[in-house]
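Take a look at the structure below.
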Amino acid sequence: MSAVFENVTCKFCGCLCDDIAVEVEDRRILKAKRACPNGLGMFLNYDPTLQSPLVEGKEVEWDEAVSAAADILSRADSPLIYGLSSTSSEAQRKAVELADRLGAIIDSTSSVCHFPTTLGFQMVGGAACTLGEVKARADLLIFWGCNPMEAHMRHFTRYSANAKGFLTPNGRRDRTVVVVDVRPTKTAKTADRFLQIEPGTDYEVLTSLRALIKGKDINEPVGGLPSEQIKELVQMMKTCRYGVAFFGMGLTMTAGRGYNVAEIFALGAELNQYTRFFAMPMRGHGNVAGADQVITWLSGYPAAVSFARGYPQFGPGEFTSVDVLARRETDAALIIASDPMAHFPRKAAEHLERIPAILMAPVTNCSSQVANVILPTACYGIDAPGTAYRMDNVPIRLRSVMQKVRPTDEEMLMRIMEAVKQ
Amino acid sequence: MIGIIGGRVFDPMNGINGTIQDIWIKGGKIVSQEEVDPQKARRIDASGQVVMPGGVDLHSHISGAKANAGRKLCPEDSRRLIRARTGFFRSGSGYTVPSTHLTGYLYAEMGYTTVMEAASAPLVARHTHEELQDIPIIDKGVLITMGNNHFIMKCIQNGEMEKARDYVAWLLEASKGFGIKIVNPGGVENWKYGKNVQNLEDEVIGFGVTPRRILSALARIREELKLPHPPHIHGLSLGRSGNADITVETIKSMEGIDAHFCHIQFMSYGGKPGEFPKSAAVKVAQAVTENPHITVDVGQVLFGPATTMTSDAPFEFSLSRKIGAKWVNNDLESESGGGVVPLTYKRNDPVHSTMWSIGLELFLLIEDPWRVYLTTDHPNAGPFSGYPEVIRMLMDRDFRAQEFEKIHKKAMKNSILPELNREYTLNEIAIITRAGPAKRLGLKNKGHLGVGADADITVYANLENKAEMFAHPAWVIKDGEVVVRDGKLIREQLGRTLYVSPSYEKAIEKDIRAHFDNSYTVSFENYPIAPEHIGPSEKLTCD
Amino acid sequence: MGNLFSLITGRTIGQADGLHKGAGSEAHLKATALVQICQEDMNRLGIKEGDIVRIRSNAGQVEAPALKGDLPTGILFIPMGPTANELVETDTLGTGMPPFKGLRVEVERI
């Protein structure tokens, strides 16, 4: 007999769509209605059966795995706790507590997606709105260096381009969509205007937009765009009713990084002298925004935090994971709900092969191959409930659609903490 | 069991003004002497010391979306105050916006045991509650912003007051809120069109209602629902020169209905809009005095760093443009908005000096201490850790005069502060920092030391320097346990989250569900917060 | 050196789907072990679709099949994953973020 659970939240990406109808039979998910292909993949491929934890490749009892993990962490002089973006905020809170008690470095996957956004935010601030305001009011949408058609597949229908709200009753027809990118992405193909800029020129183009808004004139092409095109965009931005610029890793990963983001935040802020305008990051993993929130309220800083001195220290480039690993400054790692072996540059990832590593995750991934201790935990949003933060920082409840047989990350972290204390 | 023996007790709620009495504690409550076995009780010698109920702060931004945006925005603020972990206690950082555990520690070490989070939009209340669970020791609650709520404004527009009332009750239950907060009613909605409201008759775009109608509707709803705390109002034109007139008009507009006006210092400016602000403390204090159903807290400015954060999003935008500071804004669907701007108050700034002076004038001009409470609108006018300094200025005329000499000359010229000779007594301090706010919050077990009260007690060494005295209490007891000794934390325990759950007609849920389907991006089913998701809590009855 | 390119890495649907099958799985590796290059550059370098090319950066080198991509000239695209990671350097310029986009690489046909 199958059962259908309504209003289930999909935690695959930062959209956190909470309208999924999940059909379950015999502890397997048969259907996930309304989920996008990305979400569907997560729901259908997850196997919730209990699996033994592994220590050095051998199946062991949970107690033994916990004590092996605690042993690795207590022996280390400079442990790194990394990941957190696909776990619940309840587990994230425990992870920060563990980092505090161990004197560890804690960093989230933000480190390799929107950490430069944090740096830009700290420079100039940022004006944002919730996705419901985008749906209800936005008549100009700019997607800059991001590709929601492939990475946030329901963004258009639920929140932005095609959504219908009280000031946008005709959905797509009530909005103008502009895409700025270095290549014609799937998203670019749906846009009313696609501005293809030369790679690495985001900063120049953004600065030119700011200059024009401040009344300066520009008569030369910038980033490969004729000045008329840039001026036209400025006109659109100044005269729209409610404009939102969503940006992605096209800004955070290219030359300029945090400065690119500071520029788009400043641009958004300055436009508020003419109209309402916002600049917002497209956050990737389901609860990566939550990792920022939780680490911030517990330590004062959103990522790249070291507790080695006994109090929290913030160190971009210093306590960010890729730097820590590439410089071999950590001697043990606890990887939570993430896969640095799949996502870090080789030179950083290979240090994880050298040091003892613990992986706490619901699925097997590249990092499983190097972890000395593997703790197969439950998947929040499928067999464990919890809280996650959407890309606009709205907290949303993750439901569980089946009785869990696996321990949760939160439970595991509490047990490790107990074992570390002893 | 604990006995606090031989202290001078200040318990204004029970009319005890400095008499020497013993206080007995059992099971986390204050009990009569007969209920304890004096041989078995731990005895705390409080002779020569001052005993008061634990401090109660009814307006402080300590948690949630805005506070955390403030932390994230300003690593420079986190570097200003750090605390290393010691034994059981967690590390933390942040001077104007301390991290969560540090917030609990600092309040407790200052002798405060109950704090009301001043504002959370219901959509993000789940976040606020997550942070509150990580603020140890103190009890807390959340005021829920409703002054720009679409559902409420639509009900008012259609004259459906019962529907509005049921919705407010539903919303408080769903968000596990403590009371109604109103911030710039209608102005935040208009800000979504780049506009604001300037006076009580301005129209809210798309709803045909006015700030006056929103205020009066919510004040009446509070009465009908018998909520313990009246509507908590941040009015129109905050921070603008000449806003005292609208403040007085708003106070009068309540027409005898209970209301609390918060951080009134920011609302008491004379002069013309856009020009240098003058003190209108006399005018506002008079309006408060003449309207006995009105209470206020001050929002005293402290010189030094602050982080402004408010749901009054248009205010934050104009502040950031005026001072060139980094600006955070968040518009929240169907409900509210908010902003954050860091700011340092400087003595050599004539405006900041004037604001400082206005706050003190209000404290000294409003004669009834039961109707004015100590706040700094933390961290808007300065961090709560500055309360002891404010207490000293209120109690010590000479110290006040000395501080006055340091402010900007232009502010001095406009100030009546030197003419105000009043000095607060210890009893009055006990009123404005615990008995008064507890009474106004409707917390029957807080803010006093009578039998049955929560055993939240602070014992101070009676020092000449009142800032020193109130900064480092000798003993702080929370729920009957000693948590602070000689100004230092010795025990960590969890506090409770206080919330209300007024009854309402369940039929309203059909309308609310339809509203969610049309206007929200979160489903109706996923919006309410379950009681088990807010940690240890206490549901207050509405009667 | 006419073979200098700017490398962009990024998400694709295939890469995400591969992740669901398990990072490190056949599907994941297949979806991420490829390099997109525009027709003009393919012509210039004499590369046909499916040819294995060698890409070199300061950090390392990889070999992967070339695929025609809708890209401007001078740009290579590789889906995020193990192949791209061999090439990405670890100097984050104090930001924590390695140069996942806009990395200078050299390409040659094998």
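Chain naming here is simple, since letters A, B, ... match the order of the sequence lines and numbering starts at 1 in each.
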Interchain contact, [X] with chain A, by part (heavy-atom threshold 4.5 Å):
X	answer
Asn518(B)	backbone
His150(B)	side chain
Arg79(B)	both
Tyr520(B)	backbone
Arg90(B)	both

Portion of [X] that has a non-hydrogen atom of chain B nearer than 4.5 angstrom:
X	result
Tyr159(A)	side chain
Arg397(A)	both
Phe307(A)	both
Tyr242(A)	side chain
Met280(A)	neither
Leu167(A)	side chain
Ser299(A)	backbone
Asn393(A)	backbone
Arg399(A)	side chain
Phe278(A)	side chain
Glu6(A)	neither
Gln273(A)	both

Can you tell which of [options] has the highest number of heavy-atom pairs within less than 4.5 Å of chain A?
options	result
Glu130(B), Arg126(B), Glu525(B)	Glu130(B)
His101(B), Arg83(B), Glu76(B)	Arg83(B)
Ser99(B), Ala69(B), Gly70(B), Ala530(B)	Ser99(B)
Gly194(B), Gly339(B), Ser91(B), Pro342(B)	Ser91(B)

Counting heavy-atom pairs under 4.5 Å to chain B, which of [options] comes out on top?
options	value
Arg390(A), Gln313(A), Lys164(A)	Arg390(A)
Ala128(A), Gly103(A), Cys17(A), Ala269(A)	Ala128(A)
Val294(A), Thr118(A), Asp392(A), Asn272(A)	Asn272(A)
Ala127(A), Gly126(A), Pro302(A)	Gly126(A)

How far apart are the closest heavy atoms of [X] and [Y], and which atoms are they?
X	Y	value
Ala21(A)	Val4(A)	CB-CG1, 4.2 Å
Gly300(A)	Ser93(B)	CA-OG, 3.6 Å
Asn148(B)	Gly187(B)	OD1-N, 3.4 Å

Answer yes or no: is there an ion pair linking [X] with [Y], defined by an N-O contact shorter than 4.0 Å?
X	Y	value
Lys140(B)	Glu117(B)	no
Glu131(B)	Arg71(B)	yes
Glu333(B)	Lys135(A)	no
Asp19(A)	Arg158(A)	yes
Arg241(A)	Glu133(A)	no

Neighbour count >12 (heavy atoms, 6.0 Å) for atom [atom1], [X]:
X	atom1	result
Lys326(B)	NZ	yes
Tyr259(A)	OH	no
Met414(A)	CE	no
Lys510(B)	NZ	no

**Study point:** Test item: Ser385(B) and Leu106(B) side chains (from C-beta on) under 4.5 Å apart, heavy atoms
**Key:** no
Check your understanding: Cation-pi between Lys11(A) and Tyr380(A): NZ/CZ under 6.0 Å from ring centre and within 45° of the ring axis?
Key -> no
Review point. Hey, mind stepping through Glu418(A) and Lys421(A) against salt bridge (charged side-chain N to carboxylate O under 4.0 Å, His left out) and telling me if it holds?
Key: CA-CA 5 Å; Glu418(A) 276 308 308; Lys421(A) 272 187 211 160; 3.5 Å; yes
